[in-house]
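A short write-up of the structure that comes next.
Chain letters run A, B, ... following the sequence lines, proteins first, then strands; residues in each count from 1. Quick caveat: nothing in here was measured; it's all calculated off a predicted structure.
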Protein chains: 2
Amino acid sequence: MKASNLPETSLDRRCENCPVRHHAICSVLDNHGCHALSDIMVHKHFVRGQQIWSDDDDAHVFAIVISGAVKLSKMLADGRQQIVGLLFPSDCLGRAYSEKQQTFAEAATDVELCCFPRQKFEDVLKQHPEVEHALFEKTLIDLDSTREWMVALGRKTASEKMASFLLQMSHRSELTKCPYDRPAPELPTFVLPLTRGEIADYLGLTIETVSRHFTTLRVNDVIRLIDGQTVEVRDPAALASMAEAKD
Amino acid sequence: MKASNLPETSLDRRCENCPVRHHAICSVLDNHGCHALSDIMVHKHFVRGQQIWSDDDDAHVFAIVISGAVKLSKMLADGRQQIVGLLFPSDCLGRAYSEKQQTFAEAATDVELCCFPRQKFEDVLKQHPEVEHALFEKTLIDLDSTREWMVALGRKTASEKMASFLLQMSHRSELTKCPYDRPAPELPTFVLPLTRGEIADYLGLTIETVSRHFTTLRVNDVIRLIDGQTVEVRDPAALASMAEAKD
DNA sequence: CGTATCGTTGATACCTGTCAATCTTGGTGG
DNA sequence: CCACCAAGATTGACAGGTATCAACGATACG
């Protein structure tokens, strides 16, 4: 799908009502200090598959994910692709202090972003060191999880990668659920934000291998595929043990 | 090799004479401001193979690499290992703002470190925002190169990985050479800081595969192995083209 | 209802891992 | 000085996991 340089709607949404107000880096600001950000903020919507920026675009935007999922990817000259990061609500999007983006960014689902002009955003970072510090800590956590994923890419088998991925998605979906929504112990269920091809690009596998392992997990009753995108984890313990050791 | 909790010599070295003074994060401080760091600094030596900290150690040390190479790695329960980062002079070592290390750190060669107690180092970061900013920018660069390496782990073939690794080592060695040392155009030559097994753990391959590809590169006259650890790149262009596309 | 996209399944090939033997190198001690 | 040994590196034979190529099925959409 094609990118549009000037994406769609621009809502005037108040920070006080923002669903990620208390989880994103702006949580270190009080409502007054938050004006520094809200003054330069623009909300934008992207539809599934829409490019947010491309590899060699100038890095003139910085954003916070409000809803949906964004995939960061890199490509080799011959088209092989690797997804190097998945971003969910409250995560930050964009490379501060660089003139160039180093990755592609694409909406994996429909996405709502809180966007800032990068230059102005960096001015805010300078004026509000506590925001820069929050962004720094988030970056350190990103680096930790990126390194964790390197172990999967370099050392895990296909089925271990699949199990690790499904666990990761399962945990991520728990975070966004309100605990009061699930009073009783149910089986973890979530909607995959990626197609089979994207999962393959995330795991360093092919579509066919991903599909085959979905089938294996299904026939072994570890998961149930409710509609191809919706996964119910029927045996969380099995999935967890598969993530680190061969079955 | 075993770790020693209190590594060896503690030199009293002046920052002014430090070989990484103008490349590490302390370069943003003038000689006066540098006292904040030098007051809490201790130089330590580690021999090749010595553990600097282990996976579940408390993160009570932060350091700058002065000489040598450090490998950061992660392990799976069954012993499979993945090197997630290589650190060279002027690079930073240690996880700020975390109580726990998330990786192993081991001296890949004999190493000299400029060590700080983490808590005191974080105090310096608080008092000198320009140092925290420098560390933040270094962390962003780390994240960029980590993501770049994910592409290699997930999507490149063994020979592409080998070529990428050798190019990376070649470029890194150029950085540490004084330009005046090599007035004439010579073939790039460098000493590998890693054993075959460590290279395998970095590339997500086995020792045997690494060794076979070294042999292939040698018989194709792309590289020359001077003594097993010392590599002369006889055909840099071929190496560069191998790094991204199958031969 | 045709078409496009995505996903599944099958047959086969090949790259890399595994297992094992041999070679090289460096260090140690008789 | 040389024999011996340990660790690392190389090479070979073989197996297996994943990629590749291809066909088919499912779903959504106009």
Side-chain angles (χ1 to χ4, degrees), chain A residues 1-2 47-49 76 78-82 108-110 152-163 165 191-220 223-231 242 245-247, chain B residues 1-2 47-49 76 78-82 108-110 152-163 165 191-220 223-231 242 245-247:
Chain A
M1 218 163 290
K2 296 283 296 199
V47 299
R48 175 191 169 84
L76 294 177
D78 61 2
R80 281 174 291 174
Q81 195 168 15
Q82 176 67 46
T109 64
D110 289 357
L153 287 177
R155 287 304 184 200
K156 289 190 182 179
T157 65
S159 68
E160 290 168 336
K161 286 176 178 177
M162 284 291 296
F165 167 70
V191 177
L192 293 170
L194 303 179
T195 66
R196 298 293 185 271
E198 290 169 329
I199 295 170
D201 284 340
Y202 189 43
L203 302 180
L205 300 169
T206 59
I207 294 180
E208 294 91 331
T209 300
V210 169
S211 181
R212 275 184 244 275
H213 283 276
F214 264 117
T215 302
T216 306
L217 288 167
R218 191 162 37 77
V219 301
N220 291 345
I223 63 171
R224 188 164 70 98
L225 283 171
I226 295 175
D227 72 352
Q229 308 285 359
T230 307
V231 177
M242 287 178 65
K246 291 173 193 178
D247 194 32
Chain B
M1 216 165 289
K2 295 284 296 198
V47 298
R48 174 191 171 85
L76 294 177
D78 62 1
R80 282 174 290 174
Q81 195 169 16
Q82 176 66 47
T109 65
D110 289 357
L153 287 178
R155 286 305 183 199
K156 289 190 181 178
T157 66
S159 69
E160 290 169 336
K161 286 176 179 179
M162 283 291 296
F165 168 71
V191 177
L192 293 170
L194 303 179
T195 65
R196 297 293 184 273
E198 290 169 328
I199 295 170
D201 284 340
Y202 189 43
L203 302 180
L205 300 170
T206 59
I207 295 181
E208 295 91 331
T209 301
V210 170
S211 182
R212 276 183 244 274
H213 282 277
F214 264 117
T215 302
T216 306
L217 288 167
R218 192 161 37 75
V219 301
N220 291 345
I223 63 170
R224 189 164 69 97
L225 282 171
I226 296 175
D227 72 352
Q229 309 284 1
T230 308
V231 177
M242 287 178 63
K246 292 173 191 175
D247 192 30

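With C:dT16, C:dT8, D:dT10 as the choices, the nucleotide that has an atom nearest any side-chain atom of A:Ser211 turns out to be C:dT8.
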Name the pairs: protein N/O against N/O of nucleotides 24-30 of chain D, kept only if under 3.5 Å.
none

Report, one pair per line, the protein and nucleotides 13-16 of chain D atoms (nitrogen or oxygen only) whose separation is under 3.5 Å.
{"residue": "D:dA13", "atom": "N6", "partner": "B:Arg212", "partner atom": "NH2", "Å": "3.4"}

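Nearest-nucleotide positions on DNA chain C place A:Ile207 closer to the 5' end than the other of B:Thr206 and A:Ile207. For the pair A:Glu208 and A:Arg155, both in contact range of DNA chain C, the more 5′-proximal nearest nucleotide belongs to A:Glu208.
If you measure from atom CG of B:Leu192 to atom P of D:dG8, you get 15 Å, rounded to the nearest angstrom. In this structure, B:Ile223 atom CD1 and D:dA9 atom P are separated by 14 Å, rounded to whole Å. Residue B:Lys161 contributes atom NZ, which lies 14 Å from atom P of C:dC15 at whole-angstrom precision. One interatomic measurement links the two molecules: NZ of B:Lys156 to P of D:dA19, which rounds to 18 Å at whole-angstrom precision. Atom P of nucleotide D:dG17 and atom CG of A:Leu205 are separated by 14 Å, given to the nearest angstrom. Rounded to a whole Å, the CG atom of A:Asp201 is 17 Å from the P atom of D:dT18. Put simply, CZ on A:Arg48 is 14 Å from P on C:dT5, counting in whole angstrom units. Distance B:His213 NE2 to D:dG12 P: 15 Å, rounded to the nearest Å.
How far CE of A:Met242 is from CD of A:Glu160: 8.5 Å, rounded to the nearest 0.5 Å. Interatomic distance, OG1 of B:Thr230 versus CD1 of B:Ile223, reported as 11.5 Å (0.5 Å rounding).
An OP1 or OP2 oxygen of D:dA9 is reached within less than 4.0 angstrom by a side-chain nitrogen or oxygen of B:Gln229. Taking 4.0 angstrom as the limit, A:Thr209 places none of its side-chain polar atoms (N or O) nearer than this to OP1 or OP2 of D:dG17. Taking only side-chain nitrogens and oxygens, B:Thr215 comes nearer than 4.0 Å to OP1 or OP2 of D:dT11.
Checked by atom type and distance alone, the side chain of A:Arg48 pairs as donor or acceptor with a backbone atom of A:Ala108 at under 3.5 Å. At distances below 3.5 Å, at least one donor-acceptor pair connects side-chain atoms of A:Arg155 with backbone N or O atoms of B:Leu205. Of the possible polar contacts, none joining the B:Gln229 side chain to the B:Pro193 backbone as a donor-acceptor pair under 3.5 Å is found.
Within the 4.0 angstrom heavy-atom criterion, no nucleotide atom of any strand lies near B:Glu198.
In this structure, the side chains of B:Ile226 and B:Val231 stay at 4.5 Å or more apart for every pair of heavy atoms. Side chains of A:Leu192 and A:Phe165 form a contact here, defined as non-hydrogen atoms less than 4.5 Å apart. Residues B:Lys156 and A:Leu76 are in side-chain contact: their nearest non-hydrogen atoms beyond the backbone lie under 4.5 Å apart.
Heavy-atom minimum distance, B:Thr195 versus B:Glu198: N-OE1, 2.9 Å. Of all heavy-atom pairs spanning A:Asp201 and A:Gln82, the tightest one is O-NE2, 3.1 Å. Here the shortest heavy-atom pairing between A:Lys161 and A:Ala152 reads CE-O, 3.2 Å. Across A:Ala158 and A:His213, no two heavy atoms sit closer than the pair CB-NE2, 3.4 Å.
With the end axes of the helix from C:dC1-D:dG30 to C:dG30-D:dC1 each set by five pairs, the angle from one to the other reads 30° at 10° resolution.
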